[in-house]
Amino acid sequence: MNNYIQELLSFFYNFSDELSSNNIISKINKNQISIDYLSDNKKGDVASNFYLIIKRKIIDKNYDFISHLNEKIIKIDFIKNFELSKNGFININLSENFISRSLINIYKKNFLNDINFGNNKKINIEFVSANPTGPIHVAHLRGAIFGDVLSSLYQKTGHEVVREYYVNDAGSQITKLSNSLYKRYLEFLNKKIEILDDEYPGEYLIDIARNIYKSDKDLWLHKDKKERENYFKKFAVDHLLDKIKSDLKLINVNFDIFTRETEIENSNVIKKLFAILENKDLIYQGVLPKPKTDDLEWEPRNQLLFRSSRLIDDQDRAFKKSNGEWTYFANDAAYHFNKYQRKFDKLINIWGSDHIGYIARMKSILKAIQDKDNFFEVLTCQIVSLIQDKKKIKMSKREGKFITLTDVFNKVGKDPIRYYMISKKNETAIDFDLDEVVKKNKDNKVFYCQYAYARASSVISKAKNLKLFDEKSFDIKDFNKNLTKEELDIIKLMISYPYLIYQSSFNNEPHRLINYLELLCSSFHSVWNKGKDNESLRFIDENNINHTKYKLFWIECFRIILKDIFSIIDINTPESM
RNA sequence: GCGCCCGUAGCUCAGUGGAUAGAGCAACCGCCUUCUAAGCGGUAGGUCAAAUGUUCGAAUCAUUUCGGGCGCGCCA
């Protein structure tokens with residue numbers, strides 16, 4: 001029973017049901033009931049607004065809320081007492097017995113047992129999916145880490161997660177890539193070349209071309225164009241995908257599966273999807289309206305359309321080009337149908353904010369092929385602006401000038417990247433200041449938190465050296481008499497951790513981890529420094545072994561919680577710094 | 001023109017309809033004979049873009065306006 005906050009919420013939900021079915025109150029919106037366990041404003045260990053919600057809805061004038069609540073709440077074993085504040089909050093204090101049991105659960109590392117709300121549901125999380133036309137650059141960084149941490153959170157809460165990357169290895173961009181690579185290859189044969197505006201100028205293609213030249217010499221000059229194009233396509237994509245994988249490995253982002261667009265194209269999945277849509281009268285031959293964009297040469301054309309406006313989208317979308325080829329969207333729709341066929345309970349996509357306009361049509365596809373409302377969810381990441389010398393770094397894809405993941409990694413390192421990218425809401429555009437983040441390692445909170453862990457570890461190792469670290473003495477009951485208020489506050493914060501994980505996962509908000517982590521670490525540093533002013537408040541006091549064992553117990557728990565958070569964010573846990 | 005996101009301290013950002021709106025950085029003043037000063041304590045800094053509304057209660061919800069970002073094609 002680690003998730004006591006959830007239990008408390010359920011208690012109030014049931015309470016309100018009981019009150020309304022007995023006609024004591026009129027109907028309320030239960031979603032308004034909340035439990036406050038983090039804010040500074042709360043007066044008890046936790047606080048609820050329950051009374052404020054029902055107060056105005058009370059019909060029975062003789063109803064005595066406090067004694068009724070008292071009668072019910074006394075049966076909850078983890079509650080010590082409660083009081084109704086003048087302004088209507090219910091302030092609740094937890095029983096010492098419960099707190100010490102919870103702490104023992106943390107020590108035994110079974111504190112997350114109760115937040116298994118996933119019940120082994122299969123979740124597919126698709127993220128990054130950057131086109132294999134160049135190295136991973138900074139625009140993909142945020143989605144990569146958001147997707148990775150979100151996946152870990154879902155795993156923590158009992159879901160079976162598949163991390164998936166969709167490889168767009170078909171279409172005209174790949175043809176252009178193939179042509180650009182061929183030109184670089186021609187360079188090795190001393191031919192003069194010119195890279196066109198819409199081709200890929202990046203120097204990374206030169207290295208790939210060199211490989212082809214080394215093994216094949218002038219072989220491809222004499223081959224037929226189609227054969228050569230296909231070979232160069234595959235060669236380029238394979239190499240760039242390897243590069244993407246190894247780049248992502250630098251920041252510990254790994255995938256379970258890479259699905260290629262060409263696989264989808266070559267399978268019959270698109271035909272199957274097409275049949276389903278046609279059967280539902282969602283496919284027709286028609287003409288799209290003129291787009292609202294300015295400066296657009298527009299010729300109306302008759303083509304195969306998907307009637308997405310009947311579902312979620314505001315207009316219909318092209319399924320086939322006028323030359324009869326499937327559109328990118330059609331392939332992508334087939335890919336999502338393919339994911340559906342793989343029997344996931346839920347699909348989550350993480351897209352950059354530049355794809356927001358694409359969400360409605362894809363949701364329309366998913367709605368057409370299945371009934372569940374929340375089966376398919378798209379989470380978007382707003383852009384990250386890189387700041388250097390107090391200025392935004394401008395990137396130009398056309399000139400092949402962009403900051404790659406490797407550039408940022410070499411400058412900053414894995415932990416600050418992962419920490420910073422996950423510390424802000426995904427829907428907020430953020431500035432990532434490369435100078436601030438590396439400046440003397442001081443301005444970055446990741447070091448602040450790792451330092452807290454290292455300090456805690458140094459206490460434990462010193463205690464072990466002094467033979468004061470005795471596990472057998474950790475089954476303690478009356479720790480509240482042996483610890484300071486500040487220490488008890490940290491302990492109460494720690495035992496709310498399971499609910500925090502539950503909330504972060506349920507709401508797709510990994511950044512809450514960071515808020516919690518920083519609060520926890522700041523409290524720890526503060527308590528640490530109390531020992532500087534007052535020797536009796538140090539964690540290890542050889543003159544007071546009794547106090548010491550209580551302190552060592554919660555510090556070990558603190559390390560366990562920190563280690564758990566660090567493992568989700570996937571940053572190092574340094575024993576010393 | 002339309003859609004989505006955002007606007008909170010000088011800067012970067014938290015903030016679950018609820019109690020006195022917070023943190024870090026920058027500024028200023030203190031704290032190392034000590035389990036790690038990569039730390040701690042304090043001071044100062046706010047019309048939560050604006051207006052109206054809903055509510056017992058709004059930074060949070062609704063509407064409008066202003067400002068910023070990202071998108072809107074048979075591209076991918």
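So you know, we letter chains A, B, ... as the sequences are listed, proteins then strands, and number each from 1. As the structure is a prediction and not an experimental result, all values here were calculated from the model.
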Practice task
Would you state whether a donor and an acceptor, one from the side chain of N91(A) and one from the base of rA19(B), lie under 3.5 Å apart?
Solution key: yes
Practice task
Have a look at A47(A) and say if it touches a base, only the backbone sugar-phosphate, or nothing, with a 4.0 Å heavy-atom cut-off.
Solution key: base
Practice task
Mind checking H355(A) for me? I need base, sugar-phosphate or nothing, with any heavy atom below 4.0 Å counting as a touch.
Solution key: base
Problem - Minimum-distance nucleotide (side-chain atoms of S458(A) versus rC5(B), rA37(B), rC35(B)) - result: rC35(B)
Handout entry: N49(A) CG to rU55(B) C1', straight-line distance once rounded to whole Å
Key = 14 Å
Exercise for the section: Counting heavy atoms from C-beta on, name the nucleotide in rA19(B), rG15(B), rG69(B) closest to the side chain of I383(A). Expected result: rG69(B)
Practice task
Check whether the aromatic ring of F89(A) stacks on the base of rA19(B), taking stacking as ring centres less than 5.5 Å apart and planes within 30° of each other.
Solution key: yes
Handout entry: C1' atoms of rG15(B) and rA58(B), separation to the nearest Å
Key = 13 Å
Practice task
Please state how far atom CD in E575(A) lies from atom P in rU36(B), giving the value in whole angstrom units.
Solution key: 13 Å
Practice task
Could you check whether K532(A) gets within reach of a base, just the sugar-phosphate, or nothing at all, counting any heavy atom under 4.0 Å?
Solution key: base
Exercise for the section: State whether Y328(A) places a side-chain N or O below 4.0 Å from either non-bridging phosphate oxygen (OP1 or OP2) of rA76(B). Expected result: no
Problem - K290(A) with E299(A): basic N within carboxylate O range, under 4.0 Å - result: no
Practice task
Find the partner of rG30(B): check Watson-Crick (N1-N3 plus N6-O4 or O6-N4) and G-U wobble (N1-O2, O6-N3) distances, both under 3.5 Å, and reply none if neither fits.
Solution key: rC40(B)
Completion exercise
Comparing nearest nucleotides in RNA chain B, the 5'-proximal residue of the pair Q315(A), Y358(A) is Q315(A)
Practice task
Please check the phosphate of rA37(B) (OP1 and OP2 only) for any side-chain N or O of R455(A) closer than 4.0 Å.
Solution key: yes
Handout entry: Nearest-Å distance once atom C1' is located in both rC25(B) and rG39(B)
Key = 16 Å
Exercise for the section: Report yes or no: is the cationic atom of K464(A) (NZ for Lys, CZ for Arg) closer than 6.0 Å to the six-membered ring centre of F469(A), at no more than 45° off its axis? Expected result: yes
Completion exercise
Per atom distances to the S526(A) side chain, the nearest of rC70(B), rG39(B), rG41(B) is rG41(B)
Exercise for the section: Determine the contact category for D354(A): base if any of its heavy atoms lies under 4.0 Å from a base atom, sugar-phosphate if only primed atoms, P, OP1 or OP2 are that close, otherwise nothing. Expected result: sugar-phosphate
Handout entry: Check: F447(A) ring centroid to Y451(A) ring centroid under 6.0 Å
Key = no
Exercise for the section: Give K425(A) one of three labels, base, sugar-phosphate or nothing, depending on what nucleic acid heavy atoms sit under 4.0 Å from its own. Expected result: sugar-phosphate
Handout entry: Basic-acidic side-chain contact under 4.0 Å: K320(A), E325(A)
Key = no
Practice task
Can you tell me the distance, in whole Å, between the CD1 atom of I356(A) and the P atom of rC72(B)?
Solution key: 11 Å
Completion exercise
Whole-Å distance, M362(A) CE to rC72(B) P, equals 15 Å
Exercise for the section: Indicate, with a heavy-atom threshold strictly under 4.0 Å, whether I53(A) touches base, sugar-phosphate, or nothing. Expected result: base
Practice task
Ignoring backbone atoms, test whether W351(A) places a side-chain nitrogen or oxygen under 4.0 Å from the OP1 or OP2 oxygen of rC4(B).
Solution key: no
Practice task
Return no unless some side-chain N or O of K445(A) is found under 4.0 Å from OP1 or OP2 of rG39(B).
Solution key: no
Problem - Out of rA19(B), rC40(B), rU16(B), whichever nucleotide has its closest atom nearest the side chain of N529(A) - result: rC40(B)
Problem - Pi-cation contact, Y448(A) with K445(A) (under 6.0 Å, within 45°) - result: yes
Practice task
May I ask you to decide whether K492(A) forms a salt bridge with D45(A), counting only side-chain N to carboxylate O separations under 4.0 Å?
Solution key: yes
Handout entry: Sugar-phosphate, base or nothing in reach of Y420(A), heavy atoms under 4.0 Å
Key = sugar-phosphate
Exercise for the section: Remember a base hit wins even if backbone is also touched, and classify A170(A) as base, sugar-phosphate or nothing at under 4.0 Å, heavy atoms. Expected result: sugar-phosphate
Handout entry: NZ (K367(A)) with more than 12 external heavy atoms under 6.0 Å
Key = no
Exercise for the section: Remember a base hit wins even if backbone is also touched, and classify I174(A) as base, sugar-phosphate or nothing at under 4.0 Å, heavy atoms. Expected result: nothing
Problem - For atom NZ of K424(A) and atom P of rC13(B), their distance in whole Å - result: 7 Å
Exercise for the section: Pick the P atom in rU60(B) and in rU52(B), then give their distance to the nearest Å. Expected result: 13 Å
Exercise for the section: Could you measure between the two C1' atoms, the one in rC72(B) and the one in rA9(B), and give it in whole Å? Expected result: 37 Å
Handout entry: NZ/NE/NH1/NH2 to OD/OE distance under 4.0 Å, R317(A) and D314(A)
Key = yes
Problem - Residue whose closest nucleotide on RNA chain B lies nearer the 5' end, T380(A) versus R512(A) - result: T380(A)
Problem - Paired nucleotide for rA62(B) [Watson-Crick or G-U wobble; both distances under 3.5 Å] - result: rU52(B)
Practice task
Answer with base, sugar-phosphate or nothing: what part of the nucleic acid does K42(A) contact at a heavy-atom distance below 4.0 Å?
Solution key: base
Handout entry: Pair assignment for rA23(B), Watson-Crick or G-U wobble, requiring both distances under 3.5 Å
Key = rU12(B)
Fill in the blank from the handout: With the side chain defined as heavy atoms from C-beta on, K43(A) is closest, among rG73(B), rC56(B), rA19(B), to rA19(B)
Exercise for the section: Please determine, for the side chain of I430(A), which listed nucleotide (rC13(B), rA76(B), rG18(B)) has the closest atom? Expected result: rC13(B)
Exercise for the section: Write down the distance separating the C1' atoms in rC40(B) and rA19(B), rounded off to the nearest Å. Expected result: 28 Å
Exercise for the section: With the side chain of S172(A) defined as its heavy atoms from C-beta on, choose the nearest nucleotide among rC6(B), rA76(B), rG15(B). Expected result: rA76(B)
Exercise for the section: Check whether any side-chain N or O of H525(A) sits under 4.0 Å from OP1 or OP2 of rU36(B), and answer yes or no. Expected result: no
Exercise for the section: In whole angstrom, give me the gap between the P atoms of rC48(B) and rG10(B). Expected result: 12 Å
Handout entry: Selection from rU12(B), rA38(B), rA14(B) that lies nearest to any side-chain heavy atom of N515(A)
Key = rA14(B)
Handout entry: Atom pair distance, as rounded to whole Å: CD1 in I28(A) and C1' in rG17(B)
Key = 14 Å
Practice task
Take atom CE of M577(A) and atom C1' of rA37(B), then tell me their distance rounded to the nearest Å.
Solution key: 13 Å
Problem - Per R361(A) side chain, nearest of listed nucleotides rU36(B), rC56(B), rG73(B) - result: rG73(B)
Exercise for the section: Please state the C1' separation for the pair rG18(B) and rA51(B) - nearest whole angstrom. Expected result: 24 Å
Practice task
Identify whether any heavy atom of S576(A) sits under 4.0 Å from a base atom; if not, whether one sits that close to sugar-phosphate; answer base, sugar-phosphate or nothing.
Solution key: base
Handout entry: N-O pairing of D169(A) and R260(A) below 4.0 Å
Key = yes
Practice task
Round to the nearest Å and state the distance from F447(A) atom CZ to rG39(B) atom P.
Solution key: 11 Å
Problem - Salt-bridge criterion met for K339(A) and E164(A) (N-O under 4.0 Å) - result: no
Exercise for the section: Considering only atom C1', compute the distance from rA23(B) to rC75(B) and round it to an integer number of Å. Expected result: 44 Å
Practice task
Among rA76(B), rG39(B), rA14(B), find the nucleotide with the atom closest to the side chain of T428(A).
Solution key: rA14(B)
Exercise for the section: Report the base-pairing partner of rC72(B) (Watson-Crick or G-U wobble, both distances below 3.5 angstrom), or none. Expected result: rG1(B)
Problem - Base orientation of rC32(B), syn vs anti, 90° cut from 0 - result: syn
